[in-house]
Amino acid sequence: MVSQVGALGKHLALIGFMGAGKTTVGREVADRTRRPFVDLDREIEKRHGPISEIFEQRGEEEFRRLEEQALAGALAGPDAVLALGGGAVLSAVNRERLEARAFRVFLDVDIETAWERVRGSDRPLARNEQDFRRLYETRLRFYAELGDTAAQDADGVVLSALNIVVPGGLLIAHPYVVIADERVLALHPRERDETVLTVPAGEDAKSLATVERLWAELRIDRDGTILAIGGGSTTDVAGYVAATYLRGVRWQAVPTTLTGMVDAAIGGKTGINTPDGKNLAGAFHFPQSVSIQPHYLLTLPEEERHAGMAEVVKTGLLAGRELWSLPEVEMTRACAAFKAGVVLADPYEREGYRTILNLGHTFAHALEAGSGYRVRHGDAVALGLLAALRLSGQPTDAVEETLQPRPVTADLDAAWHALKRDKKGDGVFVLLERPGQPVVTTVADDDARAALEALIAK
Ligand SMILES: NC(=O)c1ccc[n+]([C@@H]2O[C@H](COP(=O)([O-])OP(=O)(O)OC[C@H]3O[C@@H](n4cnc5c(N)ncnc54)[C@H](O)[C@@H]3O)[C@@H](O)[C@H]2O)c1
Ligand SMILES: [Zn+2]
């Protein structure tokens, strides 16, 4: 592991002014990342009674002492989402402890919204607007300085916890080398004076031959960074080279396909194909940052966009929201944020939870294999989602309207064989109890085979 990325292996602390929504957002982020939620003010109240009384009877100084105690206790516990009181950052001890153990997100809200939310509450420091504004001015600097990053909502917090920026300019770490898909490079030439290594367009990039060439051509030391620009094929191979070169160097991702933006560039899985199959050699190696720049989508061929929409629909079904109906940038951001939340909950796929991202994919992989990889992944996923919804007894109209899946030519026996061999294929499938409620469950062989058969053209 070269270095820490975002909130992985750390607490995620929300800092910011009164009324920023730290409790509401914190609870949602904790829920999505499956981390415990610790609201520091509530912890203090549980132990010492209402904060307004502590202020009145024992004074602010004593409250700050109790706050330090509570924060130290929370930081000693398992990685959590922490919502901090607005004044907690005034303490140098707190700041030091947070810097050592937490990824800090400044939940940034404008003063008007904050005042509207807290006026009339019993918060001791929100009794009149003028003082409230003055306090905001003096504290702003602390939040901005201590925050690793800033966000406005739960999606923003989850994205920033993996350093994903949508829509995002990019702070490139120096020195760096670009690894880019040759087609993308021709369409989006680099203007800077920089070293650029190219990989073949699309899936062909994911080979050992490419990796060997890149190992040989790379001229960076352990402080160097690889900047990967392309779709999932490029980020998979460039990330894998980053994971292995000199036992691991940093990398940053600039996904240029819809699939890359909502899926492939997020979550630290890198890898290449071997003669035995797809993604059979790989490593977990998280990019230091992911910069999602929607202008790349302007040149994306229609069939690639359609393929990406299959992952968007998958994400919407898992999230229980019609994400596929949102305008493009919002849709991309929401899908990226959903995946980021699942990844944060199970970064190295040890808890089994990350498996939910395979909704529709067991059937998809079977169709891909059963067609000798002539069926595109996106088309296979659209059909796989259809099968998963049918087996779940859920309506299929969203998939049919958005993706228009058509049965494909594939060998049923070969597809069935591949399905049984698939690593999740021991009768275990991701289904939906209802949209937003995935379940990992077993399906009887007969039902699974019939569902598969229905996806294959007669
Ligand atoms: N690591 C993961 O978690 C993960 C998740 C999903 C998929 N993947 C992998 O991603 C790969 C698929 O990636 P993909 O669907 O992004 O496609 P891709 O990278 O294979 O690219 C598809 C085609 O689009 C072209 N292209 C890319 N960006 C373009 C742009 N902006 N304008 C015009 N053309 C452009 C490419 O040159 C290529 O011809 C698969 O190998 C899959 O296994 C990985
Ligand atoms: Zn997929």
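Just so you know, ligand 1 is whichever comes first in the structure, and atom 1 is the first atom listed for that ligand. Sequential numbering from 1 along the given sequence is applied to the chain's residues. Computed from heavy atoms alone, side chains included, the values below leave out hydrogens, waters and symmetry copies.
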Trainee: Under 2.8 Å from the Zn ion (ligand 2), is there any N, O or S atom belonging to Asp263?
Mentor: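 No - counting backbone and side chain alike, Asp263 has no N, O or S atom under 2.8 Å.
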Trainee: Counting only nitrogen or oxygen atoms and a 3.5 angstrom limit, does Gly232 reach ligand 1?
Mentor: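 Right, the criterion is met.
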Trainee: Hey, is Ala307 one of the residues with a heavy atom under 4.0 angstrom from ligand 1?
Mentor: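 The answer is no, since Ala307 has no heavy atom less than 4.0 Å from ligand 1.
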Trainee: Measure the distance from atom 20 (O) of ligand 1 to every protein heavy atom, then report the residue, atom name and distance (to 0.1 Å) of the closest one.
Mentor: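 Ranked first by proximity to atom 20 (O) of ligand 1 is Ser233 OG, 2.6 Å.
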Trainee: Distance under 4.0 Å to a non-hydrogen atom of Asn279: what atoms of ligand 1 satisfy this?
Mentor: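 Those qualifying, in numeric order: 43 (O).
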Trainee: Please report which non-hydrogen protein atom sits nearest to atom 21 (O) of ligand 1, along with the residue it belongs to and the distance in Å to one decimal place.
Mentor: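 The protein heavy atom lying closest is Gly202 CA, 3.9 Å.
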Trainee: Okay, side chain of Thr244, backbone of Val241: is any donor-acceptor separation there less than 3.5 Å?
Mentor: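 At least one qualifying donor-acceptor pair exists.
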Trainee: Answer yes or no for Arg34 and Tyr353: cation-pi contact, defined as NZ/CZ to six-membered ring centre under 6.0 Å and angle to ring axis within 45°.
Mentor: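 Yes; both conditions hold, so Arg34 lies above the ring face of Tyr353.
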Trainee: With Pro438, which of Asn358, Ile356, Thr355 fulfils side chain to side chain contact (heavy atoms under 4.5 Å, CB included)?
Mentor: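 Single side chain to side chain contact (heavy atoms under 4.5 Å, CB included) partner of Pro438 among Asn358, Ile356, Thr355: Ile356.
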Trainee: Going by the closest heavy atom to atom 22 (C) of ligand 1, which one wins out of Lys278, Lys269, Glu304?
Mentor: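 Residue with the shortest heavy-atom distance to the ligand atom: Glu304.
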Trainee: Out of Leu357, Val184, Asp181, who gets a non-hydrogen atom closest to atom 29 (C) of ligand 1?
Mentor: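 Of the listed residues, Val184 has the closest heavy atom.
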Trainee: Quick one: does Arg354 get an N or O within less than 3.5 Å of an N or O on ligand 1?
Mentor: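 No - when backbone and side-chain N and O of Arg354 are compared with those of ligand 1, no distance drops under 3.5 Å.
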Trainee: Is the gap between the ring centers of Tyr296 and His188 under 6.0 Å?
Mentor: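 Centroid distance Tyr296-His188: below 6.0 Å, so yes.
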Trainee: Under 3.5 Å, is there a donor-acceptor pair linking the side chains of Thr113 and Asp110?
Mentor: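 Per modelled atom types, Thr113 and Asp110 side chains form a pair under 3.5 Å.
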Trainee: Please could you name the atoms of ligand 1 that Thr257 approaches to less than 4.0 Å, counting only its heavy atoms?
Mentor: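 Near Thr257, the atoms of ligand 1 are 14 (P), 16 (O), 27 (C), 28 (N).
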Trainee: Between Thr270 and ligand 1, which residue portion shows a heavy-atom distance shorter than 4.0 Å: side chain, backbone, both, or neither?
Mentor: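 Answer for Thr270: neither.
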Trainee: Can you check whether Phe17 and Phe106 have ring centres sitting under 6.0 Å from each other?
Mentor: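 Distance test on ring centres: not under 6.0 Å, no.
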Trainee: Could you pull out, from His295, Arg376, Glu203, the option with a heavy atom nearest to atom 41 (O) of ligand 1?
Mentor: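 Nearest option to atom 41 (O) of ligand 1, by heavy atoms: Glu203.
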Trainee: Kindly confirm or rule out an N or O of Arg183 lying under 3.5 angstrom from an N or O of ligand 1.
Mentor: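 Arg183 vs ligand 1: N/O contact under 3.5 Å present.
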Trainee: Which bit of Glu311 is near ligand 1, meaning a heavy atom under 4.0 Å away: side chain, backbone, both or neither?
Mentor: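 For Glu311, no heavy atom sits under 4.0 Å from ligand 1.
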Trainee: Could you pull out, from Ala201, Ala264, Pro200, the option with a heavy atom nearest to atom 7 (C) of ligand 1?
Mentor: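 Residue with the shortest heavy-atom distance to the ligand atom: Ala264.
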Trainee: Please check whether Thr299 reaches ligand 1 - meaning an N/O of the residue sits under 3.5 Å from an N/O of the ligand, judged on distance alone.
Mentor: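 Yes: some nitrogen or oxygen of Thr299 is under 3.5 Å from one in ligand 1.
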Trainee: Compute the shortest N/O to N/O distance between Thr234 and ligand 1 and return yes if it is under 3.5 Å, no if not.
Mentor: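 N/O-N/O distance below 3.5 Å does not exist for this pair.
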Trainee: Of the protein's non-hydrogen atoms, which lies at the shortest distance from atom 34 (N) of ligand 1, and what is that distance?
Mentor: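 For atom 34 (N) of ligand 1, the nearest protein heavy atom comes out as Pro301 CD, 3.6 Å.
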Trainee: Does at least one non-hydrogen atom of Lys339 fall below 4.0 angstrom from an atom of ligand 1?
Mentor: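 Right, Lys339 reaches ligand 1.
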